[in-house]
Amino acid sequence: MTRESATMIEEDAVRWAARMDGDGWDADSEAALQRWLDGDPRRRGALLQARAAWSWLDGAKPASDTEPAPLRDFLTRRRLMVGGSLIAASVVAGMLLLPPSDDYTTAVGEIRRVPLPDGSLAAINTASRMEVKATPTLRRIVLKEGEAWFQVAKDVNRPFVVEAGDILVRATGTAFSVRRREGGADVYVTEGTVEVTTRNGHVAHSIAAGAGLFVADDAMVRPLTGDSASIDRVLAWRTGEIALDGQSLGSAVAEFNRYNKRQIVVRDPALVEEQLDGTFRTDDPVEFAQAVRSTLNVPIDLSNPDRIEIGK
């Protein structure tokens, strides 16, 4: 009998995850699943990862008056395909669900969904580098550059620790994001609680769901936001969006420039502090510039393929 490849098992696991989340699951379905699981010890881990990925995608879908298109229950070259209403076609190329690995790198404008070997899930933002170093007693993530959000599988015996420079963020089963910055890190918690320490062992802070802090390498902290709605806007990048709620034009431009090689330049310094609202695609700086022109009644120049100029 030919031994199943890892790819075949992953494909079957995705199909089972889809069936388990759909209608019509009954005792016969459960018995069939158990027979499949008993056929190969690798299948249980594959199903755990598939269900974690399915749960994340289900939780990330946008609010709508209509149901999104169903997830296609097949895997092509380990790429989880989704209906067009769940993820915009313009950003699908950067939102692939990748197989477990040790090192992950995203290019400018790329966003990746990564199922980790322990059943956790990571969403890795633009221009980021991350390394997974798991041991039997510790799940260790080294965020070398950029930003990532983690949905952590519960395992009280194996803490989940993200290192960002001298900042260490520890959790056992929760959801949080870490963005590495010069001199520290931004930490936002969307579920549960995390404990942040510095490499020298000083406890910096315990952060609960709905809160965000900048934690400096010397353990000093600065509040970033204090409610879940604000955090959802900050983490809108997970679905390929930038959500503005009173942010300055300067900070909004800095965000867009993280995701695009075509950079936005504000030529008039008087415009930098103007406040803006709205939700925009990360990969469409032209749409954003046109909205700024309409809102602030200022000129824009789109003639240069390498940059977009706002103001005179």
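Values below: every heavy atom of this structure, side chains too, minus hydrogens, waters and symmetry copies.
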Could you report the tightest heavy-atom contact between [X] and [Y], atom names first, then the distance?
{"X": "Ala216", "Y": "Ile167", "value": "O-CD1, 3.3 Å"}
{"X": "Arg139", "Y": "Ala153", "value": "NH1-O, 2.7 Å"}
{"X": "Leu249", "Y": "Val292", "value": "CD1-CG2, 4.0 Å"}
{"X": "Ala208", "Y": "Val189", "value": "O-CB, 3.5 Å"}
{"X": "Gly146", "Y": "Leu143", "value": "O-CD2, 3.6 Å"}
{"X": "Val266", "Y": "Leu271", "value": "CG1-CB, 4.1 Å"}

Fill in: Plane angle bin for Phe280 and Phe256 - parallel if under 30°, tilted between 30 and 60°, otherwise perpendicular
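Answer is perpendicular, since the angle exceeds 60°.
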Discussion item. Would you call the rings of Phe150 and Phe176 parallel, tilted or perpendicular, taking 30° and 60° as the class edges?
Written reply: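 The rings of Phe150 and Phe176 sit tilted, inter-plane angle from 30° to 60°.
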Practice prompt. Quickly, which of Arg42, Arg43, Arg44 forms a side chain to side chain donor-acceptor pair (under 3.5 Å) with Asp40? Name it, please.
Written response: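 Filter result, single survivor: Arg42.
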Worksheet entry | side chain to side chain contact (heavy atoms under 4.5 Å, CB included) between Leu224 and Val187, worked out | CA-CA 9 Å; Leu224 295 173; Val187 181; over 6 Å; no
Carboxylate-amine/guanidinium proximity below 4.0 Å for [X] and [Y]:
{"X": "Glu163", "Y": "Arg140", "value": "yes"}
{"X": "Glu255", "Y": "Arg179", "value": "yes"}
{"X": "Asp217", "Y": "Arg181", "value": "no"}
{"X": "Glu131", "Y": "Lys144", "value": "yes"}
{"X": "Arg158", "Y": "Asp118", "value": "no"}
{"X": "Arg233", "Y": "Asp245", "value": "yes"}
{"X": "Glu110", "Y": "Arg112", "value": "yes"}
{"X": "Glu195", "Y": "Arg170", "value": "no"}

State, yes or no, whether a side-chain contact exists between [X] and [Y] at a heavy-atom distance under 4.5 Å.
{"X": "Asn157", "Y": "Thr137", "result": "no"}
{"X": "Ile207", "Y": "Thr193", "result": "no"}
{"X": "Leu168", "Y": "Val196", "result": "no"}
{"X": "Leu138", "Y": "Phe160", "result": "no"}
{"X": "Glu145", "Y": "Met130", "result": "no"}

Side-chain ([X]) to main-chain ([Y]) donor-acceptor, under 3.5 angstrom:
{"X": "Ser251", "Y": "Ser248", "value": "yes"}
{"X": "Ser128", "Y": "Glu147", "value": "yes"}
{"X": "Asn260", "Y": "Thr282", "value": "yes"}
{"X": "Thr105", "Y": "Arg129", "value": "no"}
{"X": "Gln151", "Y": "Leu121", "value": "no"}
{"X": "Glu273", "Y": "Ala270", "value": "no"}
{"X": "Ser120", "Y": "Leu116", "value": "no"}

Discussion item. Test side chain to side chain contact (heavy atoms under 4.5 Å, CB included) on Met20 and Leu33; report intermediate values, then the result.
Written reply: CA-CA 9 Å; Met20 294 172 75; Leu33 172 61; 3.9 Å; yes
About how many Å separate [atom2] of [Y] and [atom1] of [X], when rounded to the nearest 0.5 Å?
{"X": "Phe214", "Y": "Tyr188", "atom1": "CZ", "atom2": "OH", "value": "11.0 Å"}
{"X": "Ile300", "Y": "Arg293", "atom1": "CD1", "atom2": "CZ", "value": "4.0 Å"}
{"X": "Asp186", "Y": "Ser177", "atom1": "CG", "atom2": "OG", "value": "8.0 Å"}
{"X": "Ile9", "Y": "Leu47", "atom1": "CD1", "atom2": "CG", "value": "11.5 Å"}
{"X": "Asn257", "Y": "Thr126", "atom1": "CG", "atom2": "OG1", "value": "11.0 Å"}
{"X": "Leu244", "Y": "Phe288", "atom1": "CG", "atom2": "CZ", "value": "6.0 Å"}

Cluster link [X] to [Y], ILVMFWY, side chain under 4.5 Å:
{"X": "Val265", "Y": "Ile310", "result": "no"}
{"X": "Trp237", "Y": "Val108", "result": "no"}
{"X": "Val169", "Y": "Met220", "result": "no"}
{"X": "Trp149", "Y": "Val161", "result": "no"}

Would you say [atom1] of [X] has more than 12 non-hydrogen atoms from neighbouring residues, nucleotides or ligands within 6.0 angstrom?
{"X": "Gln34", "atom1": "CD", "value": "yes"}
{"X": "Asp26", "atom1": "CG", "value": "yes"}
{"X": "Arg307", "atom1": "CZ", "value": "no"}

Discussion item. If you apply the rule side chain to side chain contact (heavy atoms under 4.5 Å, CB included), what do you find for Val114 with Ile124, and how did you get there?
Written reply: CA-CA 8 Å; Val114 178; Ile124 309 174; 3.7 Å; yes
Discussion item. What verdict does the side chain to side chain contact (heavy atoms under 4.5 Å, CB included) test give for Leu302 and Arg262, after you've listed the backbone C-alpha separation in whole Å, the side-chain angles of each residue and the deciding distance to 0.1 Å?
Written reply: CA-CA 10 Å; Leu302 304 175; Arg262 190 181 187 187; 4.0 Å; yes
